[in-house]
Amino acid sequence: MDKNEEDIILVRKCLNGNNDAFEELVNKYKHQIYNLAYRLLGNREEARDVSQEAFFRAYKSLNKYKITYSFFTWIYTISINVCRNHLKDNKKMYMVPLESSPSMEEGDFELPISSEDLTPEEILHKKRNSDRIQQIINRLPKKYRSVVVLKYIHGLQYNEIANIVNLPLGTVKIQIHRARKALKELWEEETKNNF
């Protein structure tokens with residue numbers, strides 16, 4: 001049985017009144033949803049609130065979920081929309097460096113951290129590059145930021161991204177291509193200005 005078939009079984013159980021089934025879905029995806037919200041919002045508390053709101057909305061709309069789509073894509077779509085609404089309401093967007101992880105408190109979601117053994121010089125170099133990349137991502141047009149985070153931080157496929165951001169596949173490919181080109185130009189500009 002694949003992951004989506006398991007999710008569909010849990011959704012059906014939940015629709016039949018088994019709330020423990022929805023809790024299983026939350027536990028299965030909470031890390032990814034929190035990480036997505038944190039990367040887009042840059043604030044641990046806001047990311048926690050937005051993650052909870054996304055799961056709450058999913059629970060309320062569970063009867064609208066179509067089993068022809070993966071639950072994972074559906075919950076990501078809800079999460080992206082909640083993040084967008086939050087950003088629109090607050091008129092701010094923080095992006096978090098690619099290598100950073102929020103400090104965790106008891107009960108928080110853990111984010112995966114690389115276990116590479118690096119020298120202090122390598123760590124410093126990696127952090128500087130990561131900070132520069134994040135600053136460059138912050139300079140991208142807002143419409144490109146979500147697709148960049150989904151593609152390069154979460155490693156999603158083009159078709160998954162298209163479903164999540166509710167855009168045609170061709171548009172997503174074009175946005176990622178343009179974002180990649182813009183990132184390259186901004187990187188070169190940044191490099192030139194620092195020397």
Side-chain angles (χ1 to χ4, degrees), residues 1-90 92-96 101-102 104 107-112 142-176 179:
M1 182 180 319
D2 73 6
K3 186 167 92 170
N4 197 50
E5 289 173 351
E6 292 172 8
D7 293 348
I8 290 168
I9 290 169
L10 290 171
V11 167
R12 286 183 176 145
K13 285 181 179 179
C14 187
L15 289 172
N16 288 327
N18 183 341
N19 289 330
D20 292 339
F22 192 77
E23 187 175 335
E24 284 184 55
L25 288 166
V26 170
N27 288 332
K28 189 173 186 178
Y29 294 110
K30 68 183 179 184
H31 299 291
Q32 293 158 307
I33 299 305
Y34 175 82
N35 192 335
L36 173 69
Y38 180 71
R39 295 288 179 186
L40 292 175
L41 303 175
N43 179 291
R44 189 169 45 92
E45 287 78 23
E46 289 179 15
R48 188 180 308 121
D49 292 345
V50 164
S51 298
Q52 290 174 355
E53 176 68 19
F55 281 112
F56 177 72
R57 287 187 187 184
Y59 182 78
K60 282 179 37 179
S61 304
L62 205 55
N63 60 337
K64 296 177 185 174
Y65 167 68
K66 295 182 177 118
I67 61 172
T68 54
Y69 298 103
S70 84
F71 184 82
F72 170 80
T73 300
W74 187 68
I75 190 69
Y76 254 59
T77 302
I78 292 170
S79 302
I80 286 281
N81 289 333
V82 172
C83 285
R84 283 181 181 161
N85 291 340
H86 181 80
L87 291 170
K88 198 182 302 177
D89 292 344
N90 293 309
K92 61 185 177 180
M93 181 167 193
Y94 306 104
M95 294 292 285
V96 178
S101 178
M104 304 305 285
D108 280 351
F109 308 135
E110 270 187 55
L111 302 177
K142 286 182 182 179
K143 68 180 181 179
Y144 295 151
R145 292 180 191 172
S146 292
V147 294
V148 165
V149 169
L150 292 170
K151 177 69 176 160
Y152 297 109
I153 294 176
H154 290 275
L156 299 182
Q157 301 297 317
Y158 290 111
N159 60 338
E160 292 174 306
I161 296 169
N163 287 331
I164 289 167
V165 297
N166 197 27
L167 290 172
L169 181 61
T171 302
V172 167
K173 287 181 179 182
I174 289 169
Q175 284 187 353
I176 290 172

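Residues: numbered from 1 along the sequence shown.
- Rounded to the nearest 0.5 angstrom, L25 CG and E6 CD are separated by 10.0 Å.
- Looking at heavy atoms from C-beta onward, R84 lies out of side-chain contact with L87 at the 4.5 angstrom threshold.
- Nearest heavy atoms, C83 versus A37: SG-CA, 3.8 Å.
- With values rounded to the nearest 0.5 angstrom, L15 atom CG is found 11.0 Å from L10 atom CG.
- F56 places none of its side-chain heavy atoms less than 4.5 Å from the side chain of V82.
- Note on ring orientation: taking the six-membered ring where Trp is involved, the planes of F55 and F22 are perpendicular (angle over 60°, cut-offs 30° and 60°).
- Across all their heavy atoms, L36 and S79 have their closest contact at CD2-CB, 3.9 Å.
- One finds no salt bridge joining E24 and K13 here, because no Lys/Arg side-chain nitrogen approaches an Asp/Glu carboxylate oxygen to under 4.0 Å.
- Considering NZ of K173 and NZ of K151, their distance stands at 9.5 Å, rounded to 0.5 Å.
- Ring geometry, Y38 versus Y34: the interplanar angle falls under 30°, so the pair is classed parallel (tilted spans 30 to 60°).
- For the pair N81 (side chain) and T77 (backbone), a donor-acceptor distance under 3.5 Å is present.
- Interatomic distance, D7 CG to C14 SG, rounded to the nearest 0.5 Å: 12.0 Å.
- With a 4.5 Å cut-off on side-chain heavy atoms, F71 and I8 do not count as touching.
- Across all their heavy atoms, V172 and V165 have their closest contact at CG2-CG2, 4.0 Å.
- Taking 4.5 Å as the limit, every side-chain heavy atom of I33 sits out of range of all side-chain heavy atoms of I78.
- Applying the side-chain hydrogen bond (donor to acceptor under 3.5 Å, both in side chains) rule to pairs touching residues 64-74 yields S70-T73, sequence neighbours excluded.
- Of all the heavy atoms in I75 and A54, the pair that sits closest is CD1-O, 4.0 Å.
- For the atom pair L150 CG and I164 CD1, the distance stands at 5.5 Å (nearest 0.5 Å).
- Contact check for L40 versus V149: side-chain heavy atoms found under the 4.5 Å cut-off.
- Counting only N and O atoms by type, the side chains of Y76 and N163 include no donor and acceptor under 3.5 Å apart.
- A 4.5 Å side-chain heavy-atom check between L167 and Q175 finds at least one atom pair inside the cut-off.
- Around CG of N166, the count of heavy atoms belonging to other residues, nucleotides or ligands within 6.0 Å does not exceed 12.
- The heavy-atom pair separating R57 from E53 by the smallest distance is NE-OE2, 2.7 Å.
- N159 approaches L169 most closely through the heavy-atom pair N-CD1, 3.6 Å.
- One distance of note links OG1 of T171 with OH of Y158; it measures 13.5 Å at 0.5 Å rounding.
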Decide yes or no on side chain to side chain contact (heavy atoms under 4.5 Å, CB included) for N19 and Y59, but give the supporting numbers first. CA-CA 10 Å; N19 289 330; Y59 182 78; 2.8 Å; yes

